[in-house]
There are 4 protein chains.
Amino acid sequence: MINRVTLVGRLGADPEIRTLSSGAMVAKFSMATSESYKDRSGEWQEETQWHDVVVWRNLAERAQQYLTKGSLVYLDGKLTHRKWQDKEGNPRKTTEVVGAFFRILDSKRDGNDSGDTSSSAPAAGGGMESEEDLPF
Amino acid sequence: MINRVTLVGRLGADPEIRTLSSGAMVAKFSMATSESYKDRSGEWQEETQWHDVVVWRNLAERAQQYLTKGSLVYLDGKLTHRKWQDKEGNPRKTTEVVGAFFRILDSKRDGNDSGDTSSSAPAAGGGMESEEDLPF
Amino acid sequence: MINRVTLVGRLGADPEIRTLSSGAMVAKFSMATSESYKDRSGEWQEETQWHDVVVWRNLAERAQQYLTKGSLVYLDGKLTHRKWQDKEGNPRKTTEVVGAFFRILDSKRDGNDSGDTSSSAPAAGGGMESEEDLPF
Amino acid sequence: MINRVTLVGRLGADPEIRTLSSGAMVAKFSMATSESYKDRSGEWQEETQWHDVVVWRNLAERAQQYLTKGSLVYLDGKLTHRKWQDKEGNPRKTTEVVGAFFRILDSKRDGNDSGDTSSSAPAAGGGMESEEDLPF
DNA sequence: TTTT
DNA sequence: TTTT
């Protein structure tokens, strides 16, 4: 069976990092993918989907180091669904993309950095491309 | 931005078909993807994810014709999220894979058909492969 | 940078296996992907592409064990190009898909086996799904 | 059968454009994908693959308008192989990725444009995202 | 060279 | 809720 999600989009906020009692690091963030299309009346519409993403261990460390609000990221992983109960005992369902690989395509330019930081992204993102991390 | 989901899995039930007042046909079904792995104690575990899938128009017609409970299907599409309210007014979120393409890899063998029905699947699935339907 | 190839197709022949002096095992095989389309005159045409595939180490072992001529396989990997010289010293170029993951979708039914052998494929292919082999 | 290639990489040169006698436009360009890995001695190595890409019709027009040497592009398509004969009558084989969709991730910054042009890329690339062009 |  |  195959379960693969590929996203290219931007982070809506900095990743939230947690370290579990086991020592494993987790990073969560949400990524927007936008799509433009012409509606029936010929107007351009934009539709944005926000995806919840989770990454573990060394990917989490790299998310912490390199990803910030606005980063443009290529990510692939798998689509997972979890059921849980809220405080009122209502059943809830959460869908997350569990990332297996990501790569920064540009980093968000902040106010202090007027230049094009995308040139530094490959170096940063390059840190991801050790043999262990790559699916191939 | 890129938003692509690729699944190979089995249908949990026959597709549910609806025709909207606009005449557009919709088919919904859920697909299971299973993954096996060894847990810490060395035992094999299987983890199944159930994905809600929606397909429109000619894909819906083909889903109606060719897909049944148990069909093994290759599907790709995009990941979408919708918010809505239940009867109590509680906010709910639904995640669906909107299919852009699918192909039957084998059809479920039913009781009357002791033989290998996968031979008929390519012919059936073959109906999908006109130039219009294929992304390429 | 991303370089990913996804194929679902059939093997044209049994894999060829080699063990290098280093002890690393390599398997090579070619996979056909066929596409049907209507040409301008409305006739159905079929176009087949033959892809050279190479897999290494445990994937090669599994290719040897489970893949045979006619097997229907899901495979993903990366697209690679090599230059070399033939005996006459002419420059040659070879393109291969280096597989990172594969999964048998059905095995070829041979003459002795009139039944549906696809039922055995998942068990066989299931051997692939240890945590180490899966990209996720 | 599935035959899909996904690349994120940079153009090695401006696209070459041709218009066939039929009026159909074709654009050809080559895209580099690089991968870094540590070799046995612990040194970082970089390996670059150059892929020949062909796009047709409106994709070719957009390639002409928006792609230049150095552009970072997401592209997907299918892997094709053609046989032909060179002038000496020797058999030759050419492998090309026939693009079905592409999207500019940043455009090459030229000398006159000291700023970050990636901000304009979405607008440019946005032209691609009409419903007709997108596989979904 | 596969398969339907 | 599938399948092996």
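All values below come from the heavy atoms of this structure, side chains included, with hydrogens, waters and symmetry mates left out. What you are looking at is a predicted structure, and each value in this text was computed from that prediction instead of being measured. Letters A, B, ... are given to chains in the order of the sequence lines, protein chains preceding strands, and every chain is numbered from 1.
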Between [N] atom [atom2] and [X] atom [atom1], what is the distance in whole Å?
{"X": "B:Lys28", "N": "F:dT1", "atom1": "NZ", "atom2": "P", "answer": "20 Å"}
{"X": "C:Leu11", "N": "E:dT3", "atom1": "CG", "atom2": "C1'", "answer": "12 Å"}
{"X": "C:Gln49", "N": "E:dT2", "atom1": "CD", "atom2": "P", "answer": "16 Å"}
{"X": "B:Ile104", "N": "F:dT3", "atom1": "CD1", "atom2": "P", "answer": "15 Å"}
{"X": "B:Asp14", "N": "F:dT3", "atom1": "CG", "atom2": "P", "answer": "11 Å"}
{"X": "C:Glu46", "N": "E:dT2", "atom1": "CD", "atom2": "P", "answer": "12 Å"}
{"X": "C:His51", "N": "E:dT2", "atom1": "NE2", "atom2": "P", "answer": "16 Å"}
{"X": "C:Leu72", "N": "E:dT1", "atom1": "CG", "atom2": "P", "answer": "20 Å"}

Donor-acceptor contact below 3.5 Å, side chain D:Gln49 vs main chain C:His81: yes
So, B:Asp14 side chain and B:Lys69 main chain: donor-acceptor pair closer than 3.5 Å or not?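 Present.
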Can you name the closest pair of heavy atoms from D:Leu75 and D:Met31 and give their distance?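 Looking at all heavy atoms of both residues, the closest pair is CB-SD, 4.1 Å.
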Answer yes or no: is there a side-chain heavy-atom contact under 4.5 Å between A:Asn90 and A:Gln85? no
Does a distance-only test, which skips hydrogens and angles, find a donor-acceptor pair under 3.5 Å between the side chain of C:Ser30 and the base of E:dT1? yes
If you check the B:Ala13 side chain, which of F:dT1, F:dT2, E:dT1 turns out closest?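 Comparing F:dT1, F:dT2, E:dT1 against the side chain of B:Ala13, the answer is F:dT1.
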Kindly state whether the pair B:Trp50 / F:dT1 counts as stacked, where counting means centroids closer than 5.5 Å and planes tilted less than 30° apart.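 B:Trp50 ring centre within cut-off of F:dT1 base, planes near parallel; stacks.
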